[in-house]
Amino acid sequence: MAITGLAVRGPRSLLRQIREALAGGGPAQERLDMVVRIIALSMVAEVCSLYLRRASSDLELFATEGLNPSAVHNTQLKPGEGLVGEIMRMGRPLNLSDAPNHPSFSYRPETGEDPYHAFLGVPLLRGGRTIGVMVVQNRTTRIYSEEEVEDLQIIAMVLAEMVAGGELFGQAEMKDVELAPHKPERLKGTKFADGLAYGVVVLHEAPVIAEQLLSDDAVREEARLKTAVEALQSQLDTMLDGQHGIVGPSFEVLETYRMFAHDRGWNRSLEEAVRSGLTAEAAVERVRSEHRARLGQARDPYLRERLHDLEDLNDRLLRHLSGDVSAARQLPDNAILIARNLGPADLLEYDRTKLRGLLLEEGSSASHAAIVARALEIPCVGRLQGLRDRVSQGDSVIVDAESGEAYLRPRPDVIESVQARMEVRAQLRAEFARLRDTPAFTRDGAKITLLMNAGLAVDLDILHETGAEGIGLFRTEFQFMVAEELPRLEAQTALYEKVLEGAGDLPVTFRTLDLGGDKVLPYLEAEREENPALGWRAVRMGLDRPALLRLQLRALISASRGRELRVMFPLVASVEEFRAARALVDHEVAWALRRGRPAPSSLRVGAMIEAPSLLWHLDALLPMTDFVSVGTNDLMQYLFAADRGNPRVSDRYDFLSPPALRVMKTIADACAESGTPVSVCGEMAGRPLEAFTLMALGFDRLSMPPSGIGPVKRMVLSCDREAARRGVLNLLKGSSGSIRSEIETLARKLYVAV
Ligand code: PEP
Ligand code: MG
């Protein structure tokens, strides 16, 4: 076998030799030449080559044992080009018995690699970026064993850290090698939550760079690992044992999670990595990258979910190793969070007082992560292609959500100009604050009620600051999303009491649990669905699991003792559903009264209009409701058949286009005719131009993220509603496409501040 040398001497001694070679002084080139020689010898490979990434993103052959020395610094490959480029693109190993026959093989005569068939290449990963590729080759036609792949990955991990760590090579020597991105860059994306921020990068999927990768005492590390794994297992057991009463698929999911923690294979991989000479932390990182490589490419959503579970377990384990078992992540004072994408609950795990901004590689502006960002007033830009690959932890960065851009490692003049703009925004905020107590009347005397969307108790702190006249949408599922387990009756009641108390005399409209879709709970997962947005979610779940909904209603009823309870149901798709949901409320109120329990003084029950089916049944629905609220985020997703969470389709259709606006007009007209109070609580209500249009169509209750209240109020105060109505209806008549720019021109002509 080719790699017996490694097996005999163990990677630990090899890693030490590499470290000594790199630390030995002398020109960088000589040291890297020595490293590839040591690896080739130790792995009994005829070829060992190291490719590093240039600032141009090309990979360059930097050192080789076995290939033609004159190819060094001459052979270059683009990402995706040849086998080496493919490894870089995929970020995972490639193990081939006959490389020249592989379709991606790119023949480079200068290297003289013709006689070599067996090929094993692994990426040099640092902070999730591939900074290079390490390859071993042999003449024979054979597949390298799993242990050999493992060994080379460990070597690559250590090498990546040493080469990129910055201490071993001077800047000049490695000039133009992109070990970490360092040049200023500007990326164009999409604005998800307005604002500007300047701070330092915190990676959400942070690589925990194990400070010391190599241990001197494998026995001690094994013991540390064992203690941490046991602590993790017992923490999970306790957490999951508290989940009495959960049966069916949700229970199975919990069990799967627990099984991972007890999984022998996982434990064995960790132990082996420690025995090979890594510290416990480095072992966790090592096994994590293996999981990522295996599951990260999976298209199957189920497998991707499992990867998420594993990531979570690895994070927990690292926290146990560091002795920090609290769930919250530590942040610097001016953190800008960077992630590929975020689940709705992820953002809530961070200390919002330190989180200044958010940059996402993917996402869409209607996704719940973006909604949470707006609710928390955290400037957010998304859909920044290649972002994760271009930043390192601790880089300075600007979130410019005005223009939908991110400035990575900005130059001082850019920082200065952004700081000046931040100052202007602060002044504008002060102006909005001065409007706080001014009632929102249009110039021609129409009263517009501006309400705030909320979902957490902390949101109540800003309710009075904004001058909103109440909470038009309280998303009760947020409490469930941030909890580790299903909130009990007492916890739910306590939250609702706090919210009502915080609101004082102002009305609060609670929306019952809107789970499912992109809002999944780790502890209460439904069956995997092909089409979650069209699946078992919101009121459907509530009606099928009345125990869950009734518990929530009970909490709402008890918390609203002596005052009005306003409650509405999400994603009602038929009048029957609304009737059934309303019957549950009536039943629970009657139950409370019968037992002399605390009960509200009056009750208002409403439906959210989010499913297009209702548009053709408003005549039956409206008389059954006390009010309705239009959830334009969902209504438009279903109307245009465009997943709000999928960036490829979510922004394809304009809300200011005839189909969307005619639908809104239908609702406004039907509600006016039947005398049903109606509000709009989707995100569009918080954008001045959209709010202007909604007002023109007849809506006079708008519920929005707190940051929208000031700008929308300024718009209302400057607007003549009757003129707006005439103008917008006129534009709606004959147009064929989006009328955004026409509405914008109209607003300008009417001197409306949009
Ligand atoms: C909506 O769909 O417009 C809405 C307000 O609900 P959510 O965004 O929470 O789905
Ligand atoms: Mg909705």
Side-chain angles (χ1 to χ4, degrees), residues 192-193 342-345 347-348 363-376 380 450-456 459 468 470-482 508-521 532-542 566-573 577-578 581 606-615 627-646 650-651 653 655 660 663-664 667 678-687 690-691 694 699 701-706 708:
F192 286 176
L342 285 180
L347 201 49
L348 302 172
S364 85
S365 83
S367 62
H368 279 95
I371 290 179
V372 173
R374 283 193 287 276
L376 301 182
C380 171
L450 305 182
L451 303 157
M452 192 183 105
N453 293 346
L456 296 168
D459 293 334
I471 292 183
L473 164 67
F474 189 87
R475 292 181 164 103
T476 56
E477 63 277 5
F478 280 14
Q479 181 189 23
F480 285 64
M481 291 182 333
V482 294
V508 178
T509 302
F510 290 98
R511 174 179 71 188
T512 60
L513 284 178
D514 187 5
L515 294 168
D518 71 337
K519 289 181 275 198
V520 286
L521 302 181
L534 302 181
W536 195 58
R537 52 167 295 203
V539 76
R540 302 167 182 184
M541 204 188 254
R566 297 175 57 87
V567 58
M568 65 182 177
F569 297 101
L571 199 69
V572 173
E577 275 174 357
F578 181 74
M608 286 191 76
I609 300 188
E610 300 187 290
S613 53
L614 291 184
L615 299 172
F627 66 92
V628 291
S629 189
V630 193
T632 46
N633 306 334
D634 274 318
L635 182 60
M636 297 306 162
Q637 111 162 313
Y638 298 122
L639 192 67
F640 289 109
D643 181 351
R644 62 193 263 185
N646 177 348
S650 57
D651 297 332
Y653 308 96
F655 286 18
V663 159
M664 295 307 285
I667 298 170
V678 56
S679 64
V680 179
C681 64
E683 300 296 304
M684 77 183 286
R687 299 184 203 125
E690 278 81 347
L694 290 170
F699 292 97
R701 289 175 72 81
L702 304 174
S703 192
M704 61 199 79

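Order of appearance sets the numbers: ligands from 1, and atoms from 1 within every ligand. Counting from 1, the numbers follow the sequence of the chain as shown.
- Residue contact check: Leu473 has heavy atoms under 4.0 Å from atoms 5 (C) of ligand 1.
- Of the protein's non-hydrogen atoms, Arg511 NH1, 2.9 Å is the one closest to atom 6 (O) of ligand 1.
- At under 3.5 Å, a nitrogen or oxygen of Thr632, whether backbone or side chain, sits near a nitrogen or oxygen of ligand 1.
- When all heavy atoms of Val539 and Leu571 are compared, the pair lying nearest together is CG1-O, 3.6 Å.
- Cys681 has its side chain out of reach of Arg511: every pair of non-hydrogen atoms, C-beta onward, lies at least 4.5 Å apart.
- How far CD of Glu683 is from CZ of Phe192: 12.0 Å, rounded to the nearest 0.5 Å.
- Between the side chains of Ser703 and Ser679, no donor N or O sits under 3.5 Å from an acceptor N or O.
- In Arg644, the part holding a heavy atom less than 4.0 Å from any atom of ligand 1 is the side chain.
- Arg566 forms a cation-pi arrangement with Phe627, by the criterion of a distance under 6.0 Å to the ring centre and an angle within 45° of the ring axis.
- Taken from CG in Leu694 to CZ in Arg687, the straight-line distance is 10.5 Å, to the nearest 0.5 Å.
- For atom 5 (C) of ligand 1, the candidate residues are Cys681, Ala533, Ala538; the nearest heavy-atom contact is made by Cys681.
- Looking only at protein heavy atoms, the nearest one to atom 2 (O) of ligand 1 is Glu610 OE2, 2.7 Å.
- Around the Mg ion (ligand 2), the protein N, O or S atoms closer than 2.8 Å are Glu610 OE2, Asp634 OD2, listed by chain and residue number.
- Contact check on Arg475 versus Asp514 returns no salt bridge, with no Lys/Arg side-chain nitrogen under 4.0 Å from an Asp/Glu carboxylate oxygen.
- For the pair Asp634 and Arg537, the salt-bridge criterion is met [side-chain N within less than 4.0 Å of a carboxylate O].
- Near Asp514, with a cut-off below 4.0 Å to any heavy atom, the atoms of ligand 1 are 10 (O).
- Phe569 and Phe578 have perpendicular rings, their planes meeting at more than 60° on a 0 to 90° scale where under 30° would count as parallel.
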Item to check | From CA spacing to verdict: side chain to side chain contact (heavy atoms under 4.5 Å, CB included), Glu577, Arg540 | outcome: CA-CA 8 Å; Glu577 275 174 357; Arg540 302 167 182 184; 4.0 Å; yes
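- Ligand 1 does not have Gln637 within reach: every non-hydrogen atom of the residue lies 4.0 Å or more from it.
- Not a single heavy atom of Glu683 sits under 4.0 Å from any atom of ligand 1.
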